[in-house]
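Just so it is clear, the model here is predicted, and its values are computed rather than measured. Sequence lines set the chain letters: A, B, ... in the order given, protein chains first and strands last, and positions in each chain run from 1.
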Amino acid sequence: MPDAAPLPPDFYHRDVVDVARDLIGCLLMRQSRSGRTVGRIVETEAYLASGDPACHAARGMTRRNRVMFGAPGKAYVYSIHTRFCLNAVSQAKGEPAAVLIRAVEPLEGIDLMAQRRRTDRMLDLARGPGRLCEAFQIDRRLDDFPLTRGTRLWIAPPDEPISSTDITVSSRIGIRLAQDLPLRFFLDGSPFVSGPRRWHRRPIDHRRLHQRNRHTG
DNA sequence: CTACCGATTGACT
DNA sequence: GTCAATCGGTAGA
């Protein structure tokens with residue numbers, strides 16, 4: 001595969017929902033000392049600058065989410081449950097919005113991904129945001145890194161055209177708040193997509209409700 | 001400092 | 001389908 005040029009800053013300088021949809025089919029590129037890995041983005045989620053309580057920026061700037069408040073086109077990498085998640089900061093400076101890259105189809109550097117993930121199963125290499133980051137050796141050192149340079153970590157346009165009719169929307173995965181917003185996009189029919197393949201509503205978490213009720217009396 | 005919690009994953013029924 | 005290990009981030013005393 002030839003070197004693929006990165007998407008320009010203007011690509012990210014648009015409504016975050018448009019960016020999330022248009023990232024489906026794009027190529028996630030990672031060049032590290034140990035080699036190159038490439039994957040086709042098959043699943044994303046948008047996190048909105050306003051009206052979205054599930055967005056990390058919903059309750060103001062902190063040390064963790066500060067990158068979201070900056071210029072579009074940068075990586076926002078955060079840790080959760082000992083894993084990392086990769087986002088592309090989008091929309092506009094001062095409007096903290098981002099696209100979570102949830103899954104890619106491994107295309108190049110599959111052996112390297114398998115080594116990092118300690119599994120040979122193709123479907124376990126980069127299906128899910130935490131697995132993806134492990135396969136691509138992405139951690140908080142890449143927080144605030146520009147995705148528009150074509151070095152270390154970048155995103156390139158699709159290698160083959162994606163029809164908008166092949167992209168499905170659903171609710172987002174793994175969040176407690178704002179579960180009903182249609183902000184998850186995925187490539188219809190791809191086995192490399194994580195989670196449900198159609199619209200769903202997550203079940204009520206009774207354990208958490210109980211804890212919450214007990215705590216608030 | 002403590003307490004709580006999660007944009008997850010892997011193991012298990 | 002269910003469940004919890006695990007730890008950095010966050011808020012608050």
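- Summarising the geometry, the separation between CZ on A:Phe185 and P on B:dA7 is reported as 19 Å, rounded to the nearest angstrom.
- The CG atom of A:Asp124 sits 6 Å away from the P atom of B:dG10 (whole-angstrom rounding).
- Salt-bridge annotation for A:Glu134 and A:Arg116: absent, with no side-chain N of the basic residue lying under 4.0 Å from a carboxylate O of the acidic one.
- Within the 4.0 angstrom heavy-atom criterion, no nucleotide atom of any strand lies near A:Arg118.
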Applying side chain to side chain contact (heavy atoms under 4.5 Å, CB included) to A:Val104 and A:Phe136, what does each step give before you reach the verdict? CA-CA 10 Å; A:Val104 306; A:Phe136 280 70; 3.7 Å; yes
Evaluation steps, side chain to side chain contact (heavy atoms under 4.5 Å, CB included), between A:Tyr76 and A:Arg64: CA-CA 9 Å; A:Tyr76 166 46; A:Arg64 174 177 67 166; 3.6 Å; yes
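- Taking atom CG of A:Leu86 as the reference point, atom P of B:dT8 lies 14 Å away to the nearest angstrom.
- Here the P atom of nucleotide C:dA11 and the CE atom of A:Met61 are 12 Å apart, to the nearest Å.
- Side-chain polar atoms of A:Thr37 and A:Arg30 form no donor-acceptor pair below 3.5 angstrom.
- At whole-Å resolution of the value, CZ in A:Arg121 and C1' in B:dT9 are 13 Å apart.
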For DNA chain B, please output the secondary structure as dot-bracket, reading 5' to 3'. Pairs are Watson-Crick or G-U wobble, both atom distances under 3.5 Å; mark crossing pairs with [ ], other-strand partners with |, unpaired with a dot. ||||||.|||||.
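- The closest donor-acceptor contact from the side chain of A:Arg66 to the backbone of A:Met61 lies at 3.5 Å or more, if one exists at all.
- Rounded to an integer number of Å, the gap from A:Arg131 CZ to B:dA7 C1' is 15 Å.
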Short heteroatom pairs, N/O only, protein and nucleotides 11-13 of chain B, under 3.5 Å:
none

A:Tyr47 and A:Leu181: side chain to side chain contact (heavy atoms under 4.5 Å, CB included), yes or no, with the steps? CA-CA 10 Å; A:Tyr47 287 84; A:Leu181 298 180; over 6 Å; no
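- Side-chain contact, A:Arg131 with A:Thr119: no donor N or O sits under 3.5 Å from an acceptor N or O.
- No cation-pi contact links A:Arg40 to A:Phe192, judged by a cut-off of 6.0 Å to the six-membered ring centre and 45° from its axis.
- Remark: A:Arg141 fails to qualify as a cation-pi partner of A:Phe84 under the 6.0 Å distance and 45° angle criteria applied to the six-membered ring.
- Separating the CG atom in A:Leu100 from the SG atom in A:Cys55 is a distance of 11.0 Å, to the nearest 0.5 Å.
- Taking atom CG of residue A:Leu48 and atom P of nucleotide B:dA7, one finds them 15 Å apart after rounding to whole Å.
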Could you go through A:Leu23 and A:Leu7, starting from their C-alpha distance and side-chain angles, then the distance that decides it, and tell me whether this counts as side chain to side chain contact (heavy atoms under 4.5 Å, CB included)? CA-CA 10 Å; A:Leu23 278 174; A:Leu7 292 162; 4.1 Å; yes
Mind listing the N/O atom pairs, protein and nucleotides 6-10 of chain C, below 3.5 Å?
| residue | atom | partner | partner atom | Å |
| --- | --- | --- | --- | --- |
| C:dG9 | OP1 | A:Arg140 | NH1 | 3.0 |
| C:dG9 | O3' | A:Arg64 | NE | 3.3 |
| C:dT10 | OP1 | A:Thr62 | OG1 | 2.3 |
| C:dT10 | OP1 | A:Arg64 | NE | 3.1 |
| C:dT10 | OP2 | A:Arg64 | N | 3.2 |

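- For B:dT8, the OP1/OP2 oxygens have a side-chain nitrogen or oxygen of A:Arg102 closer than 4.0 Å.
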